[in-house]
Amino acid sequence: LNCFIGSDDFPWDRAAAVHELRRIADDTGVRIHSVHAEGGIGVCRGTRAERLALDLYRSFADLAAELGSSLVVLHGDLLRDIPRKTAEEQLRHSLEALARHVRDLPCAYGWENMPHIRPDALSHEEHLTWIRKLGQNAFSFVLDTGHSNIAGNTDAYLDNSIGLVGGLHLNDNNGKGDQHLVPGA
């Protein structure tokens with residue numbers, strides 16, 4: 001269930017719509033594997049925006065649990081324009097808060113790889129190490145091949161993410177922008 005652009009495509013924030021989706025899925029035998037949350041975290045810790053982002057991600061985990069989904073896809077990155085160590089602390093704080101939230105839920109967060117927004121962004125090794133440290137009961141890895149094509153690290157992620165993959169976004173682009181083209185385009 002893709003909610004990345006909010007409730008415009010699916011009104012996930014309306015209980016009646018969620019109940020109807022669950023009923024239809026149950027009636028047709030369709031399992032909703034994942035919920036792709038909107039927004040991102042780690043880029044504005046300590047601000048109202050970061051607190052709202054964390055609350056939003058908690059709400060998406062609650063939605064995933066209600067729908068029987070095992071994965072909540074999220075975007076997380078380091079804040080630009082501040083020292084890397086400070087940005088890492090901010091992101092870690094947010095991810096640890098989310099890990100505590102899903103501890104007793106039947107779902108986990110899937111941290112998607114992102115094209116880098118800062119020159120000293122987390123490397124693929126660091127990204128996967130963070131996921132391992134957060135714990136597989138709380139976090140897994142979601143490979144977005146479009147993002148890794150832009151960053152040029154698809155093979156590196158494939159070689160090092162064994163046992164961590166919770167989801168896959170298979171799409172293509174020209175290597176410069178996130179175009180979500182059909183694979184091979």
Side-chain angles (χ1 to χ4, degrees), residues 1-43 48-77 94-115 127-128 131 134-150 154 157-158 161-173 177-185:
L1 178 62
N2 190 348
C3 299
F4 183 69
I5 60 170
S7 59
D8 290 342
D9 284 331
F10 175 73
W12 67 271
D13 50 353
R14 288 189 20 236
V18 172
H19 177 75
E20 179 70 3
L21 176 62
R22 178 67 192 250
R23 186 191 64 73
I24 291 169
D26 289 345
D27 288 352
T28 59
V30 171
R31 180 174 175 262
I32 302 169
H33 171 71
S34 64
V35 174
H36 194 311
E38 68 177 287
I41 59 164
V43 294
R48 181 175 183 269
E50 185 74 359
R51 289 190 302 275
L52 291 172
L54 289 172
D55 286 345
L56 188 61
Y57 274 133
R58 290 181 188 112
S59 295
F60 277 110
D62 296 342
L63 172 66
E66 183 177 348
L67 293 173
S69 301
S70 58
L71 188 67
V72 179
V73 180
L74 64 79
H75 292 173
D77 217 331
S94 294
L95 293 171
E96 288 171 349
L98 294 178
R100 287 189 299 275
H101 182 74
V102 295
R103 187 177 300 141
D104 298 321
L105 294 177
C107 60
Y109 289 102
W111 184 5
E112 183 176 335
N113 60 303
M114 299 297 295
H127 182 193
L128 297 173
I131 291 171
L134 288 162
Q136 290 184 354
N137 59 337
F139 274 86
S140 66
F141 172 59
V142 174
L143 175 63
D144 185 309
T145 59
H147 294 169
S148 62
N149 187 48
I150 294 167
T154 303
Y157 269 118
L158 289 172
S161 63
I162 295 169
L164 293 179
V165 177
L168 173 67
H169 294 170
L170 188 60
N171 63 92
D172 204 353
N173 58 49
D178 202 12
Q179 297 167 297
H180 293 103
L181 300 174
V182 175

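Between His36 and Phe60, the distance separating the two ring centers is not shorter than 6.0 angstrom. Here His147 and His169 keep their ring centres 6.0 angstrom or further from each other.
For Trp111 (side chain) and Ser140 (main-chain N/O), no donor-acceptor pair under 3.5 Å exists by modelled atom type. Put simply, the side chain of Gln136 gets close to the backbone of Gly163: a donor and an acceptor are under 3.5 Å apart. Checking side-chain atoms of Asp144 against main-chain N and O of Asn113 turns up no donor-acceptor pair under 3.5 Å. Proximity of a side-chain donor or acceptor of Asn173 to a complementary backbone N or O of Gly146 within less than 3.5 Å is detected. In terms of modelled atom types and a separation under 3.5 Å, the side chain of Asn171 and the main chain of Leu181 share no donor-acceptor contact. The backbone N or O of Asp13 lies less than 3.5 Å from no partner atom in the side chain of Ser7, so there is not a single donor-acceptor pair. A side-chain donor-acceptor contact under 3.5 Å links Tyr57 to the backbone of Gly39. With Arg22 contributing its side chain and Glu66 its backbone, the two residues share a donor-acceptor pair below 3.5 Å.
For the atom pair OG1 of Thr145 and CG of Leu170, the computed distance is 4.5 Å after rounding to the nearest 0.5 Å.
Considering only heavy atoms from C-beta on, Asp9 stays 4.5 Å or farther from Asn2 through its side chain.
Residue Ala185 comes nearest to Asp172 through the heavy atom pair N-OD2, 3.1 Å, listed as atom of the first residue, atom of the second, then distance.
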| query | Val72 and Val102: side chain to side chain contact (heavy atoms under 4.5 Å, CB included), yes or no, with the steps? | reply | CA-CA 10 Å; Val72 179; Val102 295; 5.9 Å; no

| query | Yes or no on side chain to side chain donor-acceptor pair (under 3.5 Å) for Tyr109 and His101, after CA distance, side-chain angles and deciding distance? | reply | CA-CA 10 Å; Tyr109 289 102; His101 182 74; 4.9 Å; no

| Would Ser69 and Arg31 satisfy side chain to side chain donor-acceptor pair (under 3.5 Å), going step by step from the backbone distance to the final call? | CA-CA 7 Å; Ser69 301; Arg31 180 174 175 262; over 6 Å; no

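Around the NE2 atom of His19, the shell of radius 6.0 Å holds no more than 12 heavy atoms that belong to other residues, nucleotides or ligands.
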